There are 2 protein chains.
Amino acid sequence: MPPFPDESSHHLKRLTDGLKRAGVKLTHQRLEVCRELAGVTDHPDVEAVFHGVRARVPTISLDTVYRALALLADLGLIGRVGALQGRMRFDPNMTPHHHFVCARCGAMHDFTSAAVDQIPIPDDAHAFGHVHAMQVEIRGLCRRCQFGQES
Amino acid sequence: MPPFPDESSHHLKRLTDGLKRAGVKLTHQRLEVCRELAGVTDHPDVEAVFHGVRARVPTISLDTVYRALALLADLGLIGRVGALQGRMRFDPNMTPHHHFVCARCGAMHDFTSAAVDQIPIPDDAHAFGHVHAMQVEIRGLCRRCQFGQES
DNA sequence: ATTTAATTAGTAAAGATTACTATCTAGGAA
DNA sequence: TTCCTAGATAGTAATCTTTACTAATTAAAT
Ligand SMILES: [Mn+2]
Ligand SMILES: [Mn+2]
Ligand SMILES: [Zn+2]
Ligand SMILES: [Zn+2]
């Protein structure tokens, strides 16, 4: 056991504790999905999580991954991130942060901004309903796409 | 001819001018898709545009609507808005604004905020690539969903 | 160990988007 | 105006993504 738990096991504990607290069964499959999420720093789609978990649990089904991710998202343990092209993606990072999204390839990068976080929620927004969170999305072209790479 | 062109025809002119400027054919189908977009203030998905246009052009195909919307979005004449559930949606409103999104039903409302628009783009973001625009997304529960309406 | 309700694997179904091709047409040239 | 043709469409098929179904399995409480 390391003197300090590493970042990954911190995240894993947060996820598994959340499942226990929700009173759902902590199955082998759900545990491995959590382990996968705890070990990534990007915004994986279902397919990516499925591939990662299947390396350790070869018999897991795609549907189970869909359900595990939906459960974690519904419990607020991971975030959903709106996809501009194709598949739904998830965000294991629940600390307040914002996104840079490439309009061409869909690459998504995290960044933080105290300046943004200090802005009060506009009054207009409260009129629409109960505000849960405010997030900035910056659209642009990532470095790879900026230079004519066809990949 | 009215003394001042109404809002809708302003939008329509912007869209059709954009298509002409791009050098593509201004077909009857594309014109009607533009007309539909110009007459709407929400964030329709492909199905919604298809239904609206089909009332006037009964033989238009769904694929044509998909292609027309993709073309308009690629030309920067309308916006794409990331869907949290299911279908891709489009935003005919290209003036700078922000969104309130209901996490439950997906309802999306526009709002403007001078305070938000004045924030400089964080330096971290520039490191990821060329920034095109910055937009705020507020997640929450709309009024309908706040009170236990099952619809 | 027994029990049971929740969960899963495997597959089917549904829903959304893209691809294909014969036909048609917008827009330029004659 | 008429003719021509590259580009666009209609109708449909194919692909991709997500959800639904059911018999078998299993976490976890007793
Ligand atoms: Mn993130
Ligand atoms: Mn909008
Ligand atoms: Zn990119
Ligand atoms: Zn709602």
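Small disclaimer: the values here were computed from a predicted structure and weren't measured.
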Under 4.0 Å: is that the gap between some side-chain N or O of [X] and OP1 or OP2 of [N]?
X       : N      : answer
B:Thr59 : D:dT9  : no
A:Thr27 : C:dT8  : yes
B:Gln29 : D:dA10 : yes
A:Arg30 : C:dA6  : no

Between the side chains of [Y] and [X], is the shortest nitrogen-to-carboxylate-oxygen separation below 4.0 Å, so that they form an ion pair?
X       : Y       : answer
A:Asp74 : A:Arg80 : yes
A:Asp63 : A:Arg67 : yes
B:Arg30 : B:Glu32 : no

Nearest of D:dT18, C:dA26, C:dA6 to any side-chain atom of A:Lys25?
-> C:dA6

[X] [atom1] to [N] [atom2]: how many Å, rounded?
X       : N      : atom1 : atom2 : result
B:Leu84 : D:dT18 : CG    : C1'   : 15 Å
B:Leu62 : D:dT12 : CG    : P     : 13 Å
B:Leu31 : D:dT9  : CG    : P     : 12 Å
A:Leu19 : C:dT8  : CG    : P     : 10 Å
A:Leu26 : D:dA29 : CG    : P     : 12 Å
A:His28 : C:dA9  : NE2   : C1'   : 14 Å
B:Glu47 : C:dT17 : CD    : P     : 9 Å
A:Met88 : C:dT17 : CE    : C1'   : 16 Å

Gap between atom [atom2] of [Y] and atom [atom1] of [X] - 0.5 Å precision:
X       : Y       : atom1 : atom2 : answer
B:Leu31 : B:Leu19 : CG    : CG    : 9.0 Å
B:Asp45 : B:His43 : CG    : NE2   : 12.5 Å
B:Leu77 : B:Met94 : CG    : CE    : 8.5 Å

In numerical order, the residues of residues 63-72 of chain A whose heavy atoms come under 4.0 Å of DNA chain C are A:Asp63, A:Thr64, A:Arg67

Under the ring pair (Phe, Tyr, Trp, His ring centres under 6.0 Å) rule, collect the residues that match up with A:Phe128, sequence neighbours excluded.
-> B:Phe100, B:His109

